[in-house]
Number of protein chains: 2
Amino acid sequence: MSQAKRNDSINSPIDQRKIPNAVVKRLSLYSRALHQLESERAEKVSSTKLGEMLGINSAQVRKDLAYFGQFGVPGFGYPVRQLRENLKRILGTDREIRVALVGAGNLGRALLSYGGFRREGFKIECGFDKALQETAESESGIPIYPIEELERRIEELQIDFAILSVPNEAAQGLTDRLVGLGVSGILNFVPIRLSVPDHVQVHNVDLALEMESLAYFLT
Amino acid sequence: MSQAKRNDSINSPIDQRKIPNAVVKRLSLYSRALHQLESERAEKVSSTKLGEMLGINSAQVRKDLAYFGQFGVPGFGYPVRQLRENLKRILGTDREIRVALVGAGNLGRALLSYGGFRREGFKIECGFDKALQETAESESGIPIYPIEELERRIEELQIDFAILSVPNEAAQGLTDRLVGLGVSGILNFVPIRLSVPDHVQVHNVDLALEMESLAYFLT
DNA sequence: TAGATTGTTAATCGATTAACAATC
DNA sequence: TAGATTGTTAATCGATTAACAATC
């Protein structure tokens, strides 16, 4: 499942602590805040400032970062640019990550054109859809292939991750195919639990669930 | 919240236990699993079975449900239909909830047509977009109004919730307007922290963050 | 009654926060 | 040196799980 064995260059050799998933998510938040600070020409930032920007306790900021090394300078804070570089490397987003989208329905096609992924270094190479007889194209010019070409294209394009937005019934079967092709991460928009081998990560985005649990607090 | 009180205790505000957000999210999961069981004509389900369907410990299932009352029968399990009805009522989704979407860009327009919300009893009444001079329409026939009509339409349609998918810079300002109009829940797709009064709930859906934290586990 | 399963308490596990010596 | 802020330990808080008497 979630393992912490990462680049030895970052952790000290002995340090094989398991990093909680919550920490990893915050890493990504820090990276984004740092990006903003960079654009504001800030050279340093304290854990207090960074925490305030994100609504996170400063002790937690320090602790999270300390999992991965000593990035800060006592009495000074953290060097903005350097810290962000480190975080990107730790997260593995210091290089382009190739993504395929499976299921180009309404939501799928929107995700193909969604700018937020690209901004963080993800490149959506192509989409797949069952309904297609021949190759189509998204609004933003990304090719959408018939699902029959899944195997061929995924290998050809060396896809790392998949975004899954297909009907419930099709989700597990397609997941199995994707996993078989070496896809190691799945951003899953289908509201069912996917079975995957331990080395594959699935993050679920359950829009209806978010909405419904919001309703609980309606006055 | 008002649903949190137990029947054996004196009705005082102090008595109301605070329900953890994690519990509320699971309630929604239970509701969906129950829906599936109903369609399979199951009349009862045990905490063990329900837990297995969702990857949740059975003790947790029982504890979550017990927050809200005694729904189960020892030696038997939980009556499917009845439990689901109770959960929908507790969640507040036993009636139609009216939603407006603010920001009909790529993602926004897809959410307008996304079936998952409707399935849980949410009705997206309309969308708003800044770029429009006059009323347009989504693929699925939902009207999209120029942002100038926000005040008028939200009040007219008695909107409960908003889905926010606008550029970062516009998010806080529009949030303030929505809150001023009595919107009490926001499903926020904008990757910034929104300030809202205590009585307003915000759930953040951060797609880029989900993707980036996925990358951490790439082998 | 025998078997099953709840509701609940107690034990465990994990995550957050406070505090502070070490450091620049 | 004086002031600021880190990294880290200890304390707290909260959430999950195990266990079991009560109940059908």
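Chain A is the first sequence line, chain B the second, and so forth, proteins listed ahead of strands; every chain is numbered from 1.
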(message) Please enumerate all residues that pass salt bridge (charged side-chain N to carboxylate O under 4.0 Å, His left out) together with B:Asp129, with sequence neighbours excluded.
(response) none
(message) Is there a side-chain contact between A:Leu83 and A:Leu65 in this structure, where contact means two heavy atoms from C-beta onward sitting under 4.5 Å apart?
(response) yes
(request) Please state how far atom CG in A:Asn57 lies from atom C1' in D:dA10, giving the value in whole angstrom units. (result) 15 Å
(message) Once side-chain hydrogen bond (donor to acceptor under 3.5 Å, both in side chains) is applied, do any residues pair with A:Glu38, and if so which ones, sequence neighbours excluded?
(response) A:Arg81
(message) With a 4.0 Å cutoff (strictly under), does any side-chain N or O of B:Tyr78 reach OP1 or OP2 of D:dC24?
(response) no
(message) Using a 3.5 Å limit for the pairing distances, which stems of at least 3 consecutive Watson-Crick or G-U wobble pairs does DNA chain D take part in?
(response) C:3-24 with D:3-24
(request) Round to the nearest Å and state the distance from A:Arg62 atom CZ to C:dT23 atom P. (result) 16 Å
(request) Within residues 23-50 of chain B, find the residues that approach DNA chain D with a heavy atom at under 4.0 Å, and present them sorted by residue number. (result) B:Arg26
(request) Tell me whether the OP1 or OP2 atom of D:dT16 has a side-chain N or O from B:Gln60 closer than 4.0 Å. (result) yes
(request) With side chain to side chain contact (heavy atoms under 4.5 Å, CB included) as the test, would you mind laying out the steps for B:Ser184 and A:Phe217 before giving the verdict? (result) CA-CA 8 Å; B:Ser184 65; A:Phe217 300 99; over 6 Å; no
Tabulate below the donor-acceptor pairs under 3.5 Å that side-chain atoms of residues 102-118 of chain A make, not counting sequence neighbours, or state none.
residue	atom	partner	partner atom	Å
A:Arg109	NH1	A:Ala104	O	3.0
A:Arg109	NH1	A:Gly105	O	3.4
A:Ser113	OG	A:Ser140	OG	3.3

(message) Check this for me: does any side-chain nitrogen of one of A:Lys88 and B:Glu212 sit under 4.0 Å from a carboxylate oxygen of the other?
(response) yes
(request) Report the residues that fulfil side-chain hydrogen bond (donor to acceptor under 3.5 Å, both in side chains) with A:Glu40, sequence neighbours left out, ordered by chain and then residue number. (result) A:Gln36
(message) So if I take every side-chain heavy atom of B:Ala59 and compare against D:dG7, D:dA19, D:dC24, which nucleotide ends up nearest?
(response) D:dA19
